[in-house]
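Lettering of chains follows the sequences in order, A, B, ..., and the numbering in each one begins at 1. When reading the values below, keep in mind they use all heavy atoms of this one structure, side chains included, and skip hydrogens, waters and symmetry mates.
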Number of protein chains: 2
Amino acid sequence: MKLQQLRYLAAVAQNGMNITAAAEKLHTSQPAVSKQLKLLEDELGFNIFVRSGRTLTKITPAGQQVIDRAIRVLREVQNIKGISAELKGENSGVLSIGTTHTQARYVLPPVIQQFRTQYPDVRLQLHQGTSEQIAEMVSLDRIDLTIATGSSDLFPGLVLLPCYHWHRQIVVPRGHALANIKKPTLKQLGMYPIITYVFSFTGSSSLPQIFAKADVTPNVALTAQDADVIKTYVRLGMGVGILASMALDPKEDDDLVLIDADHLFPSHTTWIGFTRGGLLRRYMYDFIQVLAPHLNKRLIDRAAQAENQEAFDALFADIQLPSR
Amino acid sequence: MKLQQLRYLAAVAQNGMNITAAAEKLHTSQPAVSKQLKLLEDELGFNIFVRSGRTLTKITPAGQQVIDRAIRVLREVQNIKGISAELKGENSGVLSIGTTHTQARYVLPPVIQQFRTQYPDVRLQLHQGTSEQIAEMVSLDRIDLTIATGSSDLFPGLVLLPCYHWHRQIVVPRGHALANIKKPTLKQLGMYPIITYVFSFTGSSSLPQIFAKADVTPNVALTAQDADVIKTYVRLGMGVGILASMALDPKEDDDLVLIDADHLFPSHTTWIGFTRGGLLRRYMYDFIQVLAPHLNKRLIDRAAQAENQEAFDALFADIQLPSR
DNA sequence: TACAGTTACGGACCGCGTAAGCATA
DNA sequence: TATGCTTACGCGGTCCGTAACTGTA
């Protein structure tokens with residue numbers, strides 16, 4: 001078994017089982033990949049891919065296991081090279097971030113702007129998706145940092161560090177009946193059509209559940225994936241928007257009336273995560289700290305090495321997270 | 001970077017930085033190892049080992065990082081080969097177990113006897129040591145299963161499954177003043193010289209702490225690493241023995257008087273652990289179940305995949321662990 | 001016919017083993 | 001002088017790229 005074979009295997013798996021495409025990405029010839037893949041399968045004694053005719057169509061169960069472990073091997077090899085680059089003081093490399101729309105659209109732009117002046121030679125890769133898509137990217141591709149909210153169960157292999165709190169805000173057009181009410185109740189909210197996010201998570205903090213507890217049946221007029229769409233329809237007068245606080249900017253959205261809703265809905269925490277045991281380059285530490293100033297290298301290292309949940313929680317006990 | 005280079009590196013690290021010894025274990029020539037090691041260092045751009053003259057004397061900090069990750073890579077590669085062996089239905093392989101004296105001497109013999117009839121072709125490697133030594137073996141060498149008690153913080157990368165409870169017993173020679181007392185108190189115990197284990201862990205359940213709570217200052221006459229030594233000195237009349245329940249056998253030790261001490265000292269749990277994400281061969285599952293019948297494959301798999309502590313604990317909530 | 005993977009073959013490269021060289025105790 | 005690492009060199013294997021071949025849509 002050679003590292004090259006595992007590289008080829010991973011590339012084929014990551015390119016829709018297309019050997020030709022994989023070969024191109026690897027800057028090598030197609031027969032080279034084909035042959036090494038076959039050699040690997042021969043050595044293992046079973047097929048990693050199911051072939052119908054000559055095209056690869058499916059991954060065998062054992063094959064999936066092999067692919068998963070091959071990717072881990074390659075990750076670790078990358079990390080070894082990273083140690084080398086780090087020691088040479090290289091401020092170049094790749095920083096690949098997986099995140100959700102809200103972070104990518106409203107939170108990260110200034111962070112990335114500052115980061116880029118600090119590390120102009122780091123190639124940034126931003127991968128946007130739902131939590132589920134990001135979780136898959138984490139296990140399949142190579143994502144260095146993950147920034148998201150809630151649903152930590154989706155990311156078992158990651159160390160998750162809390163970045164900041166946020167709450168929901170109610171948004172109405174000027175002149176709306178709710179515009180002058182400082183602290184609307186759920187009942188009052190329920191009187192108007194509601195425009196909010198697609199309910200991706202169904203925990204006790206989800207909107208329907210909270211309305212249900214107050215015996216209010218919300219009239220959800222429209223659900224969207226992202227805040228811009230929601231704001232657009234609020235502007236059209238289609239209803240009352242409920243969205244994340246950091247998606248709103250008093251200046252940018254001065255045609256709308258913003259009403260805090262932290263008395264109605266629990267606050268959430270956005271975290272940043274990285275693979276346990278993964279290598280953090282200097283620039284990754286710095287990126288994290290630009291996003292969340294309280295997360296300095298020392299704290300990150302301690303959190304990554306915390307041996308249990310209690311030790312981990314103790315690290316953050318004294319820290320007041322910012323609100324956004 | 002080649003897998004071979006990482007193999008050579010690991011072998012050198014595991015053989016006291018002796019290239020010649022490593023080469024022998026690898027069944028290759030000494031210059032081959034020397035050259036590949038050098039090539040690897042060249043590629044990385046820094047020294048993994050500190051050379052004084054021509055002999056390797058120390059590991060550089062970055063070198064240690066590289067070694068750790070190289071070992072992970074090799075582990076994963078072994079796992080891939082294991083997938084292959086498993087699929088071929090091979091009942092052969094290596095099962096390397098790290099454990100403490102008490103387990104190795106009193107608990108494992110019947111387990112291993114039964115296991116060997118089931119899997120005659122599995123090469124068993126038993127590594128005995130203190131918890132600390134085992135922890136080091138887990139990270140350096142290749143230990144498949146770890147069996148120990150307490151101090152779970154020493155093993156952050158392992159999944160630990162509870163096997164059985166045990167408690168402490170008091171042992172005195174026939175005719176000793178305590179021999180007829182069913183439930184001695186700590187005060188009574190404190191009146192005699194005590195012979196027990198070296199206090200390796202200093203938690204709230206450690207013997208000195210428990211005595212201290214009762215305002216008793218025990219007179220510890222002798223501490224030993226293993227139960228046999230303790231029993232020997234109890235037989236010589238040097239004092240009262242306090243040791244683990246499974247280290248005593250009413251038949252074998254019928255010249256001694258055994259007194260339960262679970263009313264004085266909290267009970268402990270012995271667990272079996274394996275690296276998170278590691279490959280478990282069929283025979284490993286079976287070994288675990290021979291040791292702890294409640295740990296069937298299904299339960300082990302679920303525990304290994306549990307995403308958080310709560311989910312993990314829930315799996316064992318309904319299970320009554322045996323006492324030994 | 002176009003497309004995707006396999007087979008065939010020559011050349012470059014690489015890693016190994018043997019043998020000799022060179023530091024340190 | 002013994003031990004242990006490094007350098008030198010020739011051989012054999014391996015991997016790659018080009019080119020020709022073979023199944024599918």
Side-chain angles (χ1 to χ4, degrees), chain A residues 1-60 63-64 66-67 70 73-74 77 80-81, chain B residues 1-60 63-64 66-67 70 73-74 77 80-81:
Chain A
M1 190 184 314
K2 301 277 157 57
L3 271 183
Q4 197 82 321
Q5 295 174 335
L6 300 184
R7 275 192 212 105
Y8 287 8
L9 168 61
V12 171
Q14 285 164 355
N15 285 278
M17 295 177 281
N18 184 323
I19 293 184
T20 310
E24 265 172 41
K25 283 224 173 156
L26 291 162
H27 306 293
T28 186
S29 70
Q30 179 271 324
V33 179
S34 182
K35 190 177 182 188
Q36 293 306 320
L37 188 58
K38 183 152 284 219
L39 278 176
L40 178 59
E41 287 183 321
D42 284 352
E43 181 180 344
L44 295 179
F46 59 89
N47 282 345
I48 296 175
F49 297 103
V50 178
R51 288 158 171 79
S52 80
R54 298 201 145 187
T55 42
L56 314 186
T57 52
K58 261 172 53 182
I59 301 174
T60 64
Q64 186 57 57
V66 174
I67 292 169
V73 167
L74 299 173
V77 167
I80 290 176
K81 289 185 182 165
Chain B
M1 190 183 314
K2 301 279 159 57
L3 271 183
Q4 198 81 322
Q5 295 174 335
L6 301 184
R7 275 193 211 105
Y8 288 6
L9 168 61
V12 170
Q14 285 164 356
N15 285 279
M17 296 177 282
N18 184 320
I19 294 184
T20 310
E24 266 173 38
K25 282 223 174 158
L26 292 163
H27 305 292
T28 186
S29 70
Q30 179 271 323
V33 178
S34 182
K35 189 176 182 189
Q36 292 308 317
L37 188 58
K38 183 152 283 220
L39 277 176
L40 179 60
E41 286 183 322
D42 283 352
E43 181 179 344
L44 294 179
F46 60 88
N47 282 346
I48 296 174
F49 297 103
V50 179
R51 289 158 172 79
S52 81
R54 297 199 147 187
T55 41
L56 314 186
T57 52
K58 261 172 54 181
I59 301 174
T60 64
Q64 186 59 56
V66 174
I67 291 170
V73 167
L74 299 174
V77 168
I80 291 176
K81 290 185 181 166

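Atom pair A:N18:CG and D:dT24:P shows a separation of 17 Å (rounding to whole Å applied). Remark: C1' of D:dT14 and CD of A:Q5 are 11 Å apart, rounded to the nearest angstrom. The separation between B:F49 atom CZ and D:dG4 atom C1' is 15 Å, rounded to whole Å. For the pair A:K2 NZ and C:dC13 P, the computed distance is 18 Å after rounding to whole Å. In this entry the distance linking CD of A:E24 with C1' of C:dA4 reads 12 Å, nearest Å. Counting to the nearest Å, the P atom of D:dC16 and the CD1 atom of A:I19 are 14 Å from each other. Residue A:H27 contributes atom NE2, which lies 15 Å from atom P of D:dC16 at whole-angstrom precision. Nucleotide D:dC5 holds its C1' atom 16 Å from the CG atom of B:N15, rounded to whole Å.
DNA chain D lies under 4.0 Å from at least one heavy atom of each of the following residues of residues 29-43 of chain B: B:Q30, B:P31, B:S34, B:K38.
Between B:R51 and D:dG4 there is no side-chain N or O to OP1 or OP2 distance below 4.0 Å. Taking side-chain N and O atoms only, A:T20 has a distance below 4.0 Å to OP1 or OP2 of C:dG5. When the side-chain nitrogen and oxygen atoms of B:Q4 are compared with OP1 and OP2 of C:dC16, one or more of them lie within a distance under 4.0 Å. When the side-chain nitrogen and oxygen atoms of B:Y8 are compared with OP1 and OP2 of C:dC16, one or more of them lie within a distance under 4.0 Å.
Considering every non-hydrogen atom in both B:L74 and B:L6, the closest pair reads CD1-O, 3.7 Å. Nearest heavy-atom pair across A:A70 and B:I80 is N-CD1, 4.0 Å.
Remark: side-chain polar atoms of A:E41 are paired, donor with acceptor, to backbone N or O of A:I48 under 3.5 angstrom. In this structure, B:T60 contributes its side chain and B:F49 its backbone to no donor-acceptor pair below 3.5 Å. Remark: side-chain polar atoms of B:E43 are paired, donor with acceptor, to backbone N or O of B:M1 under 3.5 angstrom.
Interatomic distance, OG1 of B:T20 versus CG of B:N15, reported as 10.5 Å (0.5 Å rounding).
Looking at residues two or more places apart in sequence or on another chain, you find a side chain to side chain donor-acceptor pair (under 3.5 Å) between B:Q36 and B:Q5.
Contacts of B:T28 with the nucleic acid, taken as non-hydrogen atoms under 4.0 Å apart, involve only primed sugar atoms and P, OP1 or OP2.
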